[in-house]
Amino acid sequence: MDLKQVAYDILLNNRRKSGEHQYTVPSPQSYPYQWLWDSCFHAIILSHLSPEDGKKELLSLTVRQFENGMIPHMIYWEKSEAAEHDHLNIAWGRDGTSSITQPPMLAYAAWKIFQKDPDTKFLEKIYPALYHFYKYLLHERDPHERHLIGIINPDESGEDNSPRFDEALDLPPVHDLDENFKRRLTLVDENRKCGFDAPFCMKNFFWVKDVPFNAIMVENLRCLSKIAQKISNGYDAEYFDAEAGRIALAMRELMLEDGIFWSTRGEHYDKIKIKTWAMFAPLFAKIPTQEEARFLVEKHLKNENEFSTTFLLPTVSADEPSFNPDGFWRGPVWISVNWFVFHGLRNYGFDELANTLASHSLNLLEKSGFREHFHPYTGGGYGAINFTWGGLVLDMMES
Ligand code: GLC
């Protein structure tokens, strides 16, 4: 397969325009709107194909930024789209957008584009939106300055029904997807009733400090710091870098136990001890020591009872009661996860394993096409078709 060509064709087919704005839908049939972290993935892929379009993709995300700095995880560019989505009864309480966010990959994606096309004007243009977005997360999602960022709905993690959130949703390890969806809808309602106040109202309903979200934040704050430096804003550069350090430290202090970083919930930082790929997310932000990284890889990633399935990498450890190889974020392989872990492994010099992860990802695309997620034992493709994220394999191959 000519990966570059196929990935590009899908991105071009999924490209949409609204007035002067341009963005890409993750899948025309299943996800015909704009999503936040998806667009960051698109920009990362486009950095290898057409950086100019990558810039447009990222800038379009900033158009509907909230006054408080939050960037919503979904944009309905046309009025008819919001109405169309109403069949799911999602009452976001906002016009033309959702009212929650998603993992903050924006600064990383902007920095990645800049690596391929050193256009300082682009950085200057996008910087104010980045500044306000990351400041929003640092302030509103960490009101007591414990240096961990909270999410108010599982969907903010990008892993809608991950078993990491079962406890907080008061669900058993095995339950049906509809029930899960219903609980998440209730949180959307609470958020609306809270007037979108995360730190003082929504935190009473759902307040999880998620490992991948925080690891992504750390790496993105470092990128933001480099961006600030590039546009001669040394003061901000120092500030964002220091914030990255503080979160990394807090992750050690509040999440790490027996060599594993666990997501936590509530005021007391109760650890959610469910083994998911989140254990490996800190590698992406170089948070573990070399020794700790080796432990995670040897003891867990390479363990056949846990994460070493036929096709790497299952989102949930195979020995968890919640593991379901066909359960959306409860077991299947997702290319985005492989991408995060690929870069994480590279950070620690586990190049061979990183390459295995890249070649498994490519095999999955060759075998089953650009699907949303894949069966970790059979490699069968599930969910959305013509799904853009497969293009991230290109970034693995070219990194
Ligand atoms: C699903 C995924 C989420 C993604 C969205 C659009 O909801 O769980 O991560 O952003 O689809 O692709």
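Residue numbers count from 1 along this sequence.
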4.5 Å side-chain heavy-atom contact, [X] and [Y]:
X: Ser399; Y: His343; value: yes
X: Thr315; Y: Pro332; value: yes
X: Ile274; Y: Thr276; value: yes
X: Trp262; Y: Arg164; value: no
X: Tyr8; Y: Ile10; value: no
X: Phe323; Y: Ser317; value: no
X: Thr62; Y: Phe133; value: no
X: Leu301; Y: Leu313; value: yes

Quick one: are the ring centres of [X] and [Y] less than 6.0 Å apart?
X: Phe340; Y: Phe280; answer: no
X: Trp77; Y: Tyr23; answer: yes
X: Phe328; Y: His373; answer: yes
X: Trp35; Y: Phe41; answer: no
X: Trp277; Y: Trp329; answer: no

Ignoring hydrogens and angles, tell me if any N or O in the side chain of [X] forms a donor-acceptor pair with the backbone of [Y] under 3.5 Å.
X: Ser359; Y: Thr356; result: yes
X: Thr264; Y: Asp270; result: no
X: Asn214; Y: Asp210; result: yes

Where [X] and [Y] come nearest, the two heavy atoms and their spacing:
X: Ile113; Y: Gly54; value: CD1-CA, 3.6 Å
X: Leu312; Y: Val333; value: O-CG1, 3.4 Å
X: Trp37; Y: Ser157; value: CH2-O, 3.9 Å
X: Ile149; Y: Asp142; value: CD1-CB, 4.4 Å
X: Val218; Y: Ile247; value: CG2-CG2, 3.5 Å
X: Ala129; Y: Gln65; value: O-NE2, 3.0 Å

With a 4.0 Å cut-off on N to O distance, would you call [X] and [Y] a salt bridge?
X: Arg15; Y: Glu57; result: no
X: Lys286; Y: Glu219; result: yes
X: Lys112; Y: Asp395; result: yes
X: Asp319; Y: Lys275; result: yes

Surrounding [atom1] of [X] (heavy atoms of other residues, nucleotides or ligands, distance under 6.0 Å), is the total greater than 12?
X: Asp2; atom1: CG; value: yes
X: Asn204; atom1: CG; value: yes
X: Lys230; atom1: NZ; value: no
X: Lys299; atom1: NZ; value: no
X: Glu267; atom1: CD; value: no
X: Glu67; atom1: CD; value: no
X: Glu304; atom1: CD; value: no
X: Gln29; atom1: CD; value: yes

Would you please test Asn386 and Ser27 for side-chain hydrogen bond (donor to acceptor under 3.5 Å, both in side chains) and show each step? CA-CA 6 Å; Asn386 294 320; Ser27 158; over 6 Å; no
Going by distance alone, is a donor N or O of one side chain under 3.5 Å from an acceptor N or O of the other, for [X] and [Y]?
X: Asp9; Y: Gln5; answer: yes
X: Asp236; Y: Tyr127; answer: yes
X: Glu372; Y: Tyr31; answer: yes

Is it possible for you to check whether [X] lies under 6.0 Å from the centre of the six-membered ring of [Y], through NZ or CZ, and within 45° of that ring's axis?
X: Arg252; Y: Phe261; result: no
X: Arg222; Y: Tyr108; result: no
X: Lys135; Y: Tyr239; result: yes

Working for salt bridge (charged side-chain N to carboxylate O under 4.0 Å, His left out), residues Lys55 and Asp117: CA-CA 10 Å; Lys55 292 178 205 170; Asp117 176 6; 2.7 Å; yes
Tell me, with the steps shown, if Glu124 and Lys121 meet salt bridge (charged side-chain N to carboxylate O under 4.0 Å, His left out). CA-CA 5 Å; Glu124 279 165 357; Lys121 287 235 152 34; 5.1 Å; no
Test salt bridge (charged side-chain N to carboxylate O under 4.0 Å, His left out) on Arg184 and Glu179 and set out the steps. CA-CA 9 Å; Arg184 282 150 44 214; Glu179 188 52 37; over 6 Å; no
Under the side-chain hydrogen bond (donor to acceptor under 3.5 Å, both in side chains) test against Ser60, which residue among Glu20, Gln34, Gln22 passes?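 Single side-chain hydrogen bond (donor to acceptor under 3.5 Å, both in side chains) partner of Ser60 among Glu20, Gln34, Gln22: Gln34.
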Let me know which of His73, Arg141, Gln102 forms a side-chain hydrogen bond (donor to acceptor under 3.5 Å, both in side chains) with Glu156.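 When His73, Arg141, Gln102 are each tested with Glu156, the side-chain hydrogen bond (donor to acceptor under 3.5 Å, both in side chains) holds only for Arg141.
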Checking Glu78 against Ser18 for the side-chain hydrogen bond (donor to acceptor under 3.5 Å, both in side chains) test, could you report, in this order, the C-alpha distance in whole Å, the side-chain angles of both residues, the deciding distance, and whether it holds? CA-CA 8 Å; Glu78 310 300 333; Ser18 177; 3.1 Å; yes
Would you please test Tyr382 and Asp326 for side-chain hydrogen bond (donor to acceptor under 3.5 Å, both in side chains) and show each step? CA-CA 8 Å; Tyr382 295 96; Asp326 171 20; 4.7 Å; no
Can you say whether the rings of Trp389 and Phe387 are parallel (under 30°), tilted (30 to 60°) or perpendicular (over 60°)?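 Ring orientation, 0 to 90° scale: tilted.
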Full working for side-chain hydrogen bond (donor to acceptor under 3.5 Å, both in side chains) between Ser308 and Asn303: CA-CA 5 Å; Ser308 189; Asn303 183 337; over 6 Å; no
